[in-house]
Amino acid sequence: MSQDGSLSTSDIKALQTKVGAVPDGKIGAETTRKLRAAMGHGNNGVWDFRTSYSTVKALQQFLNG
């Protein structure tokens, strides 16, 4: 996927496929839970990872590591 700073529906579907979530193009609890698990983090109950500072920070570290 291109790295353009946006999160399109196709980007979300690619992320969901990568982490084993249903690729519906919508970020929800399943996507967030499976993304956190893929990064080695437990479930923190957040519905949308974009609203969780700790998840976004961990994702940035994961992708840049």
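Both backbone and side-chain heavy atoms feed into the values below; hydrogens, waters and symmetry mates do not. In this chain, residues are counted from 1 in sequence order. It should be emphasised that the depicted structure is a prediction, and the values quoted were computed from it without experimental measurement.
- Gln16 CD to Glu30 CD: the interatomic distance, rounded to the nearest 0.5 Å, is 7.5 Å.
- Between Gly25 and Thr9, the shortest heavy-atom contact is CA-CG2, 3.9 Å.
- In terms of heavy-atom proximity, Ser6 sits nearest to Asp11 at O-OD2, 3.3 Å.
- In this structure a side-chain-to-backbone donor-acceptor pair under 3.5 Å is missing from Ser52 to Val46.
- Atom NZ of Lys13 is separated from atom OG of Ser8 by 9.5 Å, given to the nearest 0.5 angstrom.
- Distance OG1/Thr55 to NE2/His41: 8.0 Å, rounded to 0.5 Å.
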Before giving the answer on salt bridge (charged side-chain N to carboxylate O under 4.0 Å, His left out), spell out for Asp48 and Arg50 the whole-Å C-alpha distance, their side-chain angles and the decisive distance to 0.1 Å.
CA-CA 5 Å; Asp48 183 337; Arg50 297 171 294 184; 2.7 Å; yes

Passes side-chain contact (heavy atoms from CB on, under 4.5 Å), Arg36 versus Asn44? Steps please.
CA-CA 9 Å; Arg36 288 183 58 86; Asn44 67 353; 3.5 Å; yes

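- Residue Val19 shares its hydrophobic cluster (ILVMFWY side chains chained together at separations under 4.5 Å) with Leu7, Ile12, Leu15, Ile27, Leu35, Met39, Phe49, Leu59, Phe62, Leu63.
- Distance CG/Asn43 to CZ/Arg33: 6.0 Å, rounded to 0.5 Å.
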